[in-house]
Amino acid sequence: MRRGVATALFVLLSAAAAVAQFGFARGPFREYPNVPYDGRFTFVRLKYTTASGGYWYGGWPAWGHGYPLAEGNLMKIMNEVSFLNPHEDINHLTLDDPELFHYPVAYVIEPDWWAMTDSEAAALRAYVQKGGFVIVDDFKPRRYRGRFNDDEGYGYGSGWPVFESAMKRAFPEGRFTDLTASHPIFHSFFEVDRLDIIPQAYIAGQPIFRGLFEDNDQRKRLQIMVNYNTDVSQFWEWSGTGLRPIDDTNEAYKLGVNYIVYGLTH
């Protein structure tokens with residue numbers, strides 16, 4: 001009997017872990033109330049116009065993947081390692097919401113499902129030109145396809161070409177540059193000396209870190225930080241599940257902390 005109970009428990013736990021890994025047991029998507037602005041640092045996720053097929057992840061909009069657990073966990077780490085004292089609750093705002101200008105750092109995920117509107121393009125440009133720092137995460141080349149229940153038959157968007165085309169609408173003169181570990185963003189708090197050790201959640205190949213600089217001058221401020229061919233925030237999201245190695249999760253948190261510190265100091 002004990003053996004049978006133990007076997008059944010193992011099967012249940014394995015099934016639960018598999019479901020948690022793909023996120024389909026979290027229920028319907030829900031937007032939580034925003035924290036009123038009070039001067040304390042608040043992490044902001046950008047809510048964009050989602051393209052057709054962008055609800056493949058259990059009905060969640062592409063912009064909401066991991067919300068608010070991923071960045072909420074990151075804010076807990078910020079509270080542990082710094083005196084920033086951020087809110088641990090997460091705000092979500094559209095780009096053309098005037099409230100966005102209260103917050104110096106904004107985060108966007110799955111941008112290849114972003115059907116950018118003219119107002120979003122203009123607002124993104126204004127936000128960055130006024131000193132805002134944008135973190136872009138979790139998108140891959142088209143060859144990485146899943147078998148989820150979306151209208152177009154695959155789980156992921158088309159990667160860099162879609163993102164680059166959208167960014168050209170906001171920054172016609174902008175050019176994204178591949179970054180190396182020598183850039184100050186990788187040393188703003190933690191020392192990240194190598195980028196080939198950055199973890200990958202579930203896709204092959206090396207992540208690529210790219211940036212958009214003010215006036216396309218690498219000596220000036222980095223305005224947009226891009227994690228391409230990787231999903232750094234998934235390690236934040238899953239850090240309490242045991243589904244990912246601790247060492248890899250630590251590296252993902254180091255990047256998140258560095259990005260915030262850089263955005264607040266440049």
Side-chain angles (χ1 to χ4, degrees), residues 45-46 48 62-63 65-66 70-71 74 105-114 116 124 128 133-146 154-171 173-214 216-238 244-245 247-263 266:
R45 181 183 286 237
L46 295 178
Y48 54 72
W63 68 262
H65 291 186
E71 53 265 62
L74 177 60
V105 177
Y107 171 84
V108 62
I109 194 170
E110 298 275 6
D112 41 346
W113 292 113
W114 183 356
M116 183 180 284
L124 176 62
V128 166
F133 179 67
V134 179
I135 303 166
V136 183
D137 194 29
D138 187 15
F139 64 120
K140 304 99 178 162
R142 179 178 283 274
R143 67 178 180 273
Y144 297 111
R145 296 183 177 183
Y154 55 86
Y156 302 127
S158 56
W160 188 263
V162 170
F163 174 73
E164 186 175 43
S165 177
M167 291 300 104
K168 283 295 184 183
R169 296 177 62 188
F171 309 98
E173 72 290 349
R175 297 193 305 273
F176 283 85
T177 303
D178 286 3
L179 303 178
T180 68
S182 64
H183 190 273
I185 198 169
F186 300 113
H187 308 278
S188 59
F189 191 92
F190 291 107
E191 293 295 326
V192 178
D193 295 319
R194 294 170 52 195
L195 300 183
D196 59 347
I197 63 171
I198 300 304
Q200 289 284 53
Y202 45 76
I203 58 179
Q206 289 292 330
I208 301 170
F209 298 91
R210 290 176 175 154
L212 179 70
F213 290 88
E214 182 181 355
N216 295 316
D217 187 342
Q218 296 185 47
R219 297 167 297 181
K220 294 186 178 181
R221 182 174 74 95
L222 179 61
Q223 299 172 314
I224 300 179
M225 176 69 209
V226 179
N227 306 324
Y228 182 55
N229 197 40
T230 189
D231 187 352
V232 172
S233 67
Q234 193 168 85
F235 287 86
W236 312 339
E237 179 187 356
W238 292 355
R244 289 289 177 255
D247 289 347
D248 286 351
T249 300
N250 286 343
E251 295 303 317
Y253 273 129
K254 288 178 185 178
L255 283 180
V257 171
N258 279 14
Y259 292 171
I260 291 171
V261 172
Y262 181 90
H266 291 75

> Please name the pair of heavy atoms, one in Ala181 and one in Asp193, separated by the smallest distance, quoted to 0.1 Å.
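Where Ala181 meets Asp193 most closely, the heavy atoms are CB-O, 3.2 Å.
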
> Between the side chains of Tyr259 and Asp137, does any donor sit under 3.5 Å from an acceptor?
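No pair is found: no donor N or O on one side chain lies under 3.5 Å from an acceptor on the other.
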
> Provide the closest heavy-atom pair for Pro111 versus Asp138 in the form atom of the first, atom of the second, distance.
CD-O, 4.1 Å

> To the nearest 0.5 Å, tell me how far Phe186 CZ sits from Met225 CE.
4.0 Å

> Could you label the plane-to-plane angle of the Tyr107 and Trp236 rings as parallel, tilted or perpendicular, counting under 30° as parallel and over 60° as perpendicular?
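Judged by the thresholds at 30° and 60°, the geometry between Tyr107 and Trp236 is tilted.
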
> If I compare all heavy atoms of Leu195 with all of Gln206, which pair ends up nearest, and what's the gap?
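Result for this residue pair: O-OE1, 4.2 Å.
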
> Counting N and O atoms only, with roles assigned by atom type, does the side chain of Arg169 sit under 3.5 Å from a partner on the main chain of Met116, one being a donor and the other an acceptor?
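Indeed, once roles are kept as given, a pair shorter than 3.5 Å links the two residues.
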
> Evaluate Tyr228 against Val136 for side chain to side chain contact (heavy atoms under 4.5 Å, CB included), listing each step before the verdict.
CA-CA 8 Å; Tyr228 182 55; Val136 183; over 6 Å; no

> Heavy atoms, side chains only, cut-off 4.5 Å: are Phe163 and Asp112 in contact?
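Of all side-chain heavy-atom pairs linking Asp112 with Phe163, none is under 4.5 Å.
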
> How close do Arg45 and Ile109 get, heavy atom to heavy atom, and via which atoms?
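Taking Arg45 first and Ile109 second, the nearest heavy atoms are NH1-CG2, 3.4 Å.
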
> Determine whether the side chains of Asp231 and Ser233 contain a donor N or O and an acceptor N or O closer than 3.5 Å.
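There is such a pair between these side chains.
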
> Under the 3.5 angstrom rule, does the side chain of Tyr48 hit a backbone N or O of Trp63 as a donor-acceptor pair?
yes

